[in-house]
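Data first, discussion second: the structure below is written as structure tokens.
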Amino acid sequence: MDHAADAQRTDLMTITRFVLNEQSKYPESRGDFTILLSHIVLGCKFVCSAVNKAGLAKLIGLAGETNVQGEEQKKLDVLSNEVFIKALVSSGRTCILVSEEDEEPTYVEPSRRGRYSVVFDPLDGSSNIDCGVSIGTIFGIYHLNDSHEPNLEDVLQPGKNMVAAGYCLYGSSCTLVLSTGTGVNGFTLDPSLGEFILTHPDLKVPKKGKIYSVNEGNAKNWDGPTAKYVENCKFPTDGSPPKSLRYVGSMVADVHRTLLYGGIFLYPGDKKSPNGKLRVLYEVFPMAFLMEEAGGQAFTGKIRALELVPKTIHERSPIFLGSYDDVEEIKALYAAAAAAENK
């Protein structure tokens with residue numbers, strides 16, 4: 001045994017240690033947020049294990065139900081949803097939970113209530129499970145300032161009011177990316193320790209990227225600015241090389257690549273789906289929060305994504321997010337189109 005190497009491994013920055021260090025910066029903190037995050041992390045570890053065993057355990061395949069979005073539920077979706085609901089309720093720090101899989105929010109019983117509400121997609125990209133493509137969990141956290149009876153208004157808030165957001169990517173490795181409003185950090189699960197280790201400290205998205213990510217199968221239904229932007233990516237008129245297209249079709253995987261390598265991820269509204277496909281509360285907001293914290297931008301085609309005020313918990317919105325300069329370009333195209341309309 002290499003005792004020196006083993007001793008070195010105990011000096012790792014685990015996610016638990018990282019969050020406790022953050023907590024120590026706030027002397028008034030009671031540790032509630034730290035406890036809540038540790039339960040989310042446990043949920044991610046559990047789902048990661050289930051995803052890795054899915055083929056063997058016959059978890060792949062349909063559970064025979066259809067969820068609120070009209071998508072046929074995979075067994076893993078159902079399992080992941082139950083895992084996160086139980087983990088969040090048992091933390092004793094939450095009062096209202098919104099999941100992509102459940103039509104109505106979950107209100108936590110008074111004896112186990114806390115001051116946080118969590119919005120989450122327990123298994124994003126689950127239609128990709130069968131072919132081994134990366135999938136993930138997305139979450140956002142709101143803090144409620146007073147101890148009133150929780151209601152829907154507590155979660156129908158703009159994304160800029162979130163206190164934290166993150167996602168866990170179940171791919172070639174299990175990676176958890178987290179922001180508590182002071183930058184973005186990435187942690188990778190070390191299976192031998194069962195711990196998330198800080199591997200990507202203070203993530204910053206490049207100011208401009210060489211990749212665009214969009215489902216071009218919808219091109220015939222796009223509006224003018226989106227079509228023009230993608231045309232510019234492929235046939236630039238300023239002498240720069242064309243951008244590369246990368247599209248997985250799993251939001252967590254596409255956004256994770258965008259965060260690391262730069263570029264832009266687009267899911268525009270079109271004639272078929274004027275409001276786009278992605279849900280505001282637990283897909284658009286957490287990813288927009290992370291992208292802004294990493295120095296990028298997120299835009300809906302009309303306004304800054306985090307300023308949207310959702311009216312229903314499963315509301316959808318178009319989204320353009322990624323490198324600052326790339327999003328700036330599409331904002332200019334939408335502004336020009338709006339100016340031309342108003343003439």
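What you see is a predicted model; the values in this text were computed from it and never measured. Note: hydrogens, waters and symmetry copies are ignored here, and every other heavy atom, side chains too, is used.
- Note that the CD atom of E103 and the CD1 atom of I313 stand 8.0 Å from one another [nearest 0.5 Å].
- Using a distance-only test at 3.5 Å, with no hydrogens or angles considered, no donor-acceptor pair links the side chain of T258 to the main chain of G262.
- Using a cut-off of 4.0 Å between Lys/Arg side-chain N and Asp/Glu carboxylate O, E307 and K302 are scored as not salt-bridged.
- With sequence neighbours left out, the side chain to side chain donor-acceptor pair (under 3.5 Å) criterion links R246 to no other residue.
- Side-chain N/O atoms of D154 and S117 include no donor and acceptor closer than 3.5 Å.
- Taking OG from S90 and CD1 from I35, the interatomic distance works out to 11.0 Å, rounded to the nearest 0.5 Å.
- Sorted by first then second residue, the ring pair (Phe, Tyr, Trp, His ring centres under 6.0 Å) pairs that include residues 184-218, not counting sequence neighbours, are F18-F187.
- Between the CG atom in L278 and the CG atom in L321 there is a gap of 9.0 Å [rounded to 0.5 Å].
- Without hydrogens or angle criteria, R113 side chain to V108 main chain gives a donor-acceptor distance under 3.5 Å.
- Looking at P105 and V155, their side chains never come closer than 4.5 Å, going by heavy atoms from C-beta outward.
- No side-chain donor from either of S99 and E101 sits under 3.5 Å from a side-chain acceptor of the other.
- In this structure, D124 and E100 have side chains that are not in contact, with every pair of non-hydrogen atoms separated by 4.5 Å or more.
- In terms of modelled atom types and a separation under 3.5 Å, the side chain of S273 and the main chain of N275 share no donor-acceptor contact.
- The shortest heavy-atom contact between S134 and S250 is O-OG, 2.8 Å.
- Legend: residues meeting side chain to side chain donor-acceptor pair (under 3.5 Å) with D238, ordered by chain and number and at least two apart, are S240.
- With sequence neighbours excluded, no residue forms a side chain to side chain donor-acceptor pair (under 3.5 Å) with K311.
- For S29, the side chain to side chain contact (heavy atoms under 4.5 Å, CB included) test picks out Q23, Y26, with sequence neighbours left out.
- Residues G295 and V205 share a closest heavy-atom pair of C-CG1, 3.8 Å.
- In this structure, the side chain of N232 does not engage the main chain of T237 through any donor-acceptor pair within 3.5 Å.
- Judged as a ring pair (Phe, Tyr, Trp, His ring centres under 6.0 Å), the pairs with a partner in residues 226-273 (not counting sequence neighbours) are, in order, Y167-H256.
- Using a 4.5 Å cut-off on side-chain heavy atoms (C-beta onward), T106 and L88 make no contact.
- Expressed to the nearest 0.5 Å, how far CG of N81 lies from CG of L123 amounts to 10.0 Å.
- When all heavy atoms of P268 and F320 are compared, the pair lying nearest together is CB-CZ, 3.8 Å.
- Residue pairs meeting the salt bridge (charged side-chain N to carboxylate O under 4.0 Å, His left out) criterion with at least one partner in residues 193-209, sequence neighbours excluded, are D202-K204, K207-D325, K208-D326, K208-E329.
- Remark: E328 engages K331 in a salt bridge, criterion side-chain N to carboxylate O under 4.0 Å.
- Side-chain contact between E216 and K234 is present, with heavy atoms from C-beta onward closer than 4.5 Å.
- Nearest heavy atoms, S80 versus V47: OG-CG1, 3.7 Å.
- Residues M291 and V327 have side chains not in contact (no heavy-atom distance under 4.5 Å, counting atoms from C-beta outward).
- Judged by distance alone, with hydrogens and angles left aside, the side-chain atoms of H314 form no donor-acceptor pair with the main-chain N or O of E104 at under 3.5 Å.
- Tested against P310 for a side chain to side chain contact (heavy atoms under 4.5 Å, CB included), the candidates R279, R316, E315 yield a single pass: E315.
- In this structure, V309 and L156 approach most closely via the heavy-atom pair CG1-O, 4.1 Å.
- Scanning for side chain to side chain contact (heavy atoms under 4.5 Å, CB included) contacts around P206 gives an empty result, with sequence neighbours left out.
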Under the side-chain contact (heavy atoms from CB on, under 4.5 Å) criterion, do L12 and L193 qualify, and how do the steps go? CA-CA 11 Å; L12 297 167; L193 293 175; 4.0 Å; yes
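- Side chains of Y170 and T137: a donor on one and an acceptor on the other come within 3.5 Å.
- Remark: the backbone N or O of A164 is not paired with any side-chain donor or acceptor of T180 at under 3.5 angstrom.
- At a cut-off of 3.5 Å, with distance as the only test, a side-chain donor of Y334 or D223 sits close to an acceptor on the other residue.
- Of the residues L203, V177, L178, I138, the one that meets the side chain to side chain contact (heavy atoms under 4.5 Å, CB included) test with L290 is V177.
- Under a 3.5 Å cut-off, the side chain of S91 and the backbone N or O of H39 do not form any donor-acceptor pair.
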Would T188 and I197 count as a side-chain contact (heavy atoms from CB on, under 4.5 Å) here? Give the steps. CA-CA 5 Å; T188 304; I197 310 298; 5.7 Å; no
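- Summarising the local packing, NZ of K45 is surrounded by more than 12 heavy atoms from other residues, nucleotides or ligands at distances under 6.0 Å.
- One hydrophobic cluster, built from ILVMFWY side chains closer than 4.5 Å, holds both I264 and L245.
- L144 contributes atom CG, which lies 4.0 Å from atom SG of C95 (distance to the nearest 0.5 angstrom).
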Test log, rule side-chain contact (heavy atoms from CB on, under 4.5 Å), inputs T182 and E22: CA-CA 10 Å; T182 53; E22 286 294 301; 3.6 Å; yes
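- Looking at D190, its side chain does come within 3.5 Å of a backbone N or O of S192 through a donor-acceptor pair.
- Residue pairs meeting the ring pair (Phe, Tyr, Trp, His ring centres under 6.0 Å) criterion with at least one partner in residues 122-142, sequence neighbours excluded, do not occur; the list is empty.
- Between F120 and I85 the shortest side-chain heavy-atom distance falls below 4.5 Å.
- The hydrophobic cluster containing V133 also includes V248, under a criterion of side-chain heavy atoms closer than 4.5 Å among ILVMFWY residues, counted directly or through chains of members.
- Partners of D32 by side chain to side chain contact (heavy atoms under 4.5 Å, CB included), not counting sequence neighbours, listed by chain and number: R30, R93, Y116.
- When every heavy atom of V230 is checked against every heavy atom of W222, the shortest pair comes out as CG2-CZ3, 3.7 Å.
- Under the 4.5 Å side-chain criterion, counting only non-hydrogen atoms from C-beta, M162 is in contact with V119.
- Scanning for side chain to side chain contact (heavy atoms under 4.5 Å, CB included) contacts around P201 gives N185, L198, with sequence neighbours left out.
- Counting heavy atoms from C-beta on, the side chains of L308 and I303 come closer than 4.5 Å.
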Show your working on side-chain contact (heavy atoms from CB on, under 4.5 Å) between L20 and T34 and close with a plain yes or no. CA-CA 7 Å; L20 285 168; T34 306; 3.8 Å; yes
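- Rounding to the nearest 0.5 Å gives a distance of 11.0 Å between CD1 of I40 and SG of C168.
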